[in-house]
Amino acid sequence: MFRLFVLSAKSLASSISYKLNRTIKRPVKPVFINFPVTYRCNAKCIMCDIWKKYKKDDNENKRLSDELTVEDIAGFLRKNRDFFSDLRSIGFTGGEAFLRKDMVEIIRAGHEELPWVDIGVQTNGLLPELIRDKIIEILKFYPNFKIAVSLDGIGSTHDEIRGIDGAYEKAVRTIEYAAELGITGITCGMTLTSKNFDKIKEVSEKVESLGCEFSCFLPESSEYFGNLNNKNQLTKKELDIIAEELKDFGYHYFMDNLRTQITGESRRTLPCYSGYTSYVINPYGEILPCILIEESFGNIKDGFFKDIINSDKAWGLRKKLEKCKCWCECEVSSSAIISPFDVAKWFLMNKNKKEILKTLNKKILLKRL
């Protein structure tokens, strides 16, 4: 408990520092980087059209050749090593990251250049044997490797949402392989659609039986997902059912707030630190504030990261984001760590304090393993 108190005090002090620095337009060292390394994807999800991106261009080979190489990524990290001294994690994703034949070398580059940084990969799990073999290679030089596997339903429900027959069986096999290889803290995210909005409890129970951490979230529309004109919207009736099912997750900051925002009981009060302490770097090196905004600060090939994010253009873009009210999980989670005041308020008003502390303690223990 004392350790938790010390960590909380440090976190609050850091939060005040970040807020003051942003107010006076002083750049800070990034804490999180979300790094899509390819837009290639072997799924055909109903809520995401990334898999159509290269096909729409009808020039897949050229788009692939434009993606950052291992040397590009390693050089970028090496060049900015000092400025990345506060970096906590890099999350590699896609598309489907494991479609990169050099994915192991990309992770090796990240670990060798920034050995203090946590590295993980988000995957759809459609290539279980290949992923297992890649994990075996990765664990030889990086034992703390993490993985997240998407799971949107049980059996045919997941298959239908992912647009691939047998997708569920493959995703579960990927999770089981990862667990057998000793990976702890495996996470599973569920995207809520008209096909699975009433199956949250069912999926969460399956995820927990696999020894993984569960979360669910609403689908997002953006240029990144290739679905700006997405018609796959949830109805009010479906949202009401989602809110009812989320009552079982009152101990989970993100899902509990998702529920109250759906019902209108609350609105977002958490400040957005995307594009300030967290960034997205797309497969071509463009530095973006988050996965929902396609406007770029600049390209990693054009100079030092610190200079690019401290330009007039960068501060103008941040100005546009000041009043962002989205509730996108990857962006919310990074902002909540940077600015824990909102989380602290939620905790103090929450009736599930024992369950929250139990969950937090479990995460701390898993991190030590």
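- Under 4.0 Å is where a charged nitrogen must lie from a carboxylate oxygen, and between Lys206 and Glu202 no such pair does.
- For Lys325, the NZ atom sits in a packed shell: over 12 heavy atoms of surrounding residues, nucleotides or ligands are nearer than 6.0 Å.
- For the pair Lys53 and Asp49, the salt-bridge criterion is not met [side-chain N within less than 4.0 Å of a carboxylate O].
- A donor-acceptor pair under 3.5 Å is absent between the side-chain atoms of Asn227 and the main chain of Cys48, judged by distance alone.
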Steps toward side-chain contact (heavy atoms from CB on, under 4.5 Å) verdict (Ser194, Glu238): CA-CA 7 Å; Ser194 60; Glu238 291 167 345; 3.6 Å; yes

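- Contact check on Arg132 versus Glu180 returns no salt bridge, with no Lys/Arg side-chain nitrogen under 4.0 Å from an Asp/Glu carboxylate oxygen.
- For the pair Arg22 and Tyr273, the cation sits on the ring face: its NZ or CZ lies under 6.0 Å from the ring centre, inside 45° of the axis.
- Side chains of Trp346 and Asp256: a donor on one and an acceptor on the other come within 3.5 Å.
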Test salt bridge (Lys or Arg N to Asp or Glu O under 4.0 Å) applied to Asp152 and Arg162, step by step: CA-CA 8 Å; Asp152 300 318; Arg162 292 282 153 174; 2.7 Å; yes

Derivation and outcome, side-chain contact (heavy atoms from CB on, under 4.5 Å), residues Ile33 and Ser89: CA-CA 6 Å; Ile33 290 179; Ser89 71; over 6 Å; no

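- Between Leu317 and Phe297 the shortest side-chain heavy-atom distance falls below 4.5 Å.
- Panel note: side chain Arg100, backbone Asp102; no donor-acceptor pair is recorded below 3.5 Å.
- Using a 3.5 Å distance cut-off with no hydrogens or angles, the side chains of Thr184 and Lys146 do pair a donor with an acceptor.
- For Asn196 (side chain) and Thr191 (main-chain N/O), a donor-acceptor pair under 3.5 Å exists by modelled atom type.
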Arg173 and Glu169: CA distance, side-chain angles, deciding distance, salt bridge (Lys or Arg N to Asp or Glu O under 4.0 Å) verdict: CA-CA 6 Å; Arg173 199 153 74 239; Glu169 179 187 335; 3.2 Å; yes

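- Residues Ile154 and Ile164 do not share a hydrophobic cluster, clusters being chains of Ile/Leu/Val/Met/Phe/Trp/Tyr side chains in contact below 4.5 Å.
- Below 30°, between 30° and 60°, or above 60°: for Phe35 and Phe76 the angle between ring planes is above 60°, a perpendicular geometry.
- Using a 4.0 Å cut-off between charged side-chain N and carboxylate O, Arg259 and Glu265 make a salt bridge.
- Side-chain contact of Asp342 with Tyr253: a donor-acceptor pair under 3.5 Å is present, judged by distance alone.
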Ser215 and Met190: CA distance, side-chain angles, deciding distance, side-chain contact (heavy atoms from CB on, under 4.5 Å) verdict: CA-CA 6 Å; Ser215 66; Met190 175 187 187; over 6 Å; no

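- For the pair Ile50 and Gly94, the tightest heavy-atom approach, listed with the atom from each and the gap, is CD1-O, 3.9 Å.
- Checked for salt-bridge contact, Arg78 and Glu113 meet the test: a charged N lies under 4.0 Å from a carboxylate O.
- Between the side chains of Thr157 and Lys199, no donor N or O sits under 3.5 Å from an acceptor N or O.
- Nearest heavy-atom pair across Ser221 and Gln233 is OG-NE2, 4.2 Å.
- Remark: side-chain polar atoms of Asp159 are paired, donor with acceptor, to backbone N or O of Ala167 under 3.5 angstrom.
- Lys306 places no side-chain N or O within donor-acceptor distance of the main-chain N or O of Pro27, the cut-off being under 3.5 Å.
- Between the side chains of Gln261 and Ser266, no donor N or O sits under 3.5 Å from an acceptor N or O.
- Side-chain contact annotation: Asn299 with Glu286, donor-acceptor N/O pair under 3.5 Å present.
- Two different hydrophobic clusters hold Leu126 and Met103 under the rule that ILVMFWY side chains link at heavy-atom gaps under 4.5 Å.
- A side-chain donor from one of Thr38 and Glu67 sits under 3.5 Å from a side-chain acceptor of the other.
- Side-chain rings of Trp327 and Phe254 approach one another, their centers coming within less than 6.0 Å.
- With values rounded to the nearest 0.5 angstrom, Ile262 atom CD1 is found 5.5 Å from Leu239 atom CG.
- Side-chain contact between Leu64 and Tyr39 is absent, with no heavy atoms from C-beta onward closer than 4.5 Å.
- Side-chain N/O atoms of Tyr177 and Glu129 include a donor and acceptor closer than 3.5 Å.
- Environment of NZ in Lys29: crowded, with over 12 heavy atoms of neighbouring residues, nucleotides or ligands closer than 6.0 Å.
- Ring centers of Phe32 and Tyr279: at least 6.0 Å apart, outside the cut-off.
- Within a 6.0 Å sphere centred on CZ of Phe141, heavy atoms belonging to other residues, nucleotides or ligands number more than 12.
- A side-chain donor from one of Tyr284 and Arg63 sits under 3.5 Å from a side-chain acceptor of the other.
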Derivation of the side chain to side chain donor-acceptor pair (under 3.5 Å) call for Asp72 and Thr69: CA-CA 5 Å; Asp72 290 332; Thr69 65; 3.1 Å; yes

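- Using modelled atom types, no side-chain atom of Ser339 and backbone atom of Ser335 make a donor-acceptor pair closer than 3.5 Å.
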Pair Glu213-Thr187, side chain to side chain donor-acceptor pair (under 3.5 Å): steps then yes or no: CA-CA 5 Å; Glu213 182 180 340; Thr187 59; over 6 Å; no

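- For the side-chain contact (heavy atoms from CB on, under 4.5 Å) criterion with Ile161, the lone passing option out of Leu151, Thr193, Leu192 is Thr193.
- A donor-acceptor pair under 3.5 Å is formed between the side chain of Ser311 and the backbone N or O of Ala314.
- At most 12 non-hydrogen atoms from other residues, nucleotides or ligands lie less than 6.0 angstrom from CG of Asp165.
- For the residue pair Asn124/Asn42, the side-chain donor-acceptor check at 3.5 Å is satisfied.
- Taking 4.5 Å as the limit, every side-chain heavy atom of Leu20 sits out of range of all side-chain heavy atoms of Tyr18.
- The shortest distance between side-chain heavy atoms of Ser334 and Ile337 does not fall below 4.5 Å.
- What you find for Gly110 and Leu77 is that their closest heavy atoms are CA-CD1, 3.7 Å.
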Full working for side-chain contact (heavy atoms from CB on, under 4.5 Å) between Ile300 and Asn80: CA-CA 10 Å; Ile300 64 171; Asn80 295 282; over 6 Å; no

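- The closest side-chain donor-acceptor pair between Glu96 and Thr123 falls under 3.5 angstrom.
- No side-chain N or O of Glu294 forms a donor-acceptor pair with one of Ser222 less than 3.5 Å apart.
- In Lys195, the NZ atom is not crowded: 12 or fewer heavy atoms of neighbouring residues, nucleotides or ligands sit closer than 6.0 Å.
- Comment: Arg108 engages Glu105 in a salt bridge, judged by a side-chain N to carboxylate O separation of less than 4.0 angstrom.
- Transitive grouping of hydrophobic side chains (ILVMFWY, heavy atoms separated by less than 4.5 Å) keeps Trp51 and Ile291 in distinct clusters.
- Residues Glu137 and Lys140 are not paired through a salt bridge, judged by the lack of any N-O separation under 4.0 Å between the basic side chain and the carboxylate.
- Ring geometry for Tyr142 against Phe145 counts as perpendicular: the plane angle is over 60°, on a 0 to 90° scale with 30° as the lower cut.
- Under a hydrophobic clustering in which Ile, Leu, Val, Met, Phe, Trp and Tyr are joined whenever their side-chain heavy atoms come within less than 4.5 Å, directly or via other members, Phe304 and Tyr276 fall into different clusters.
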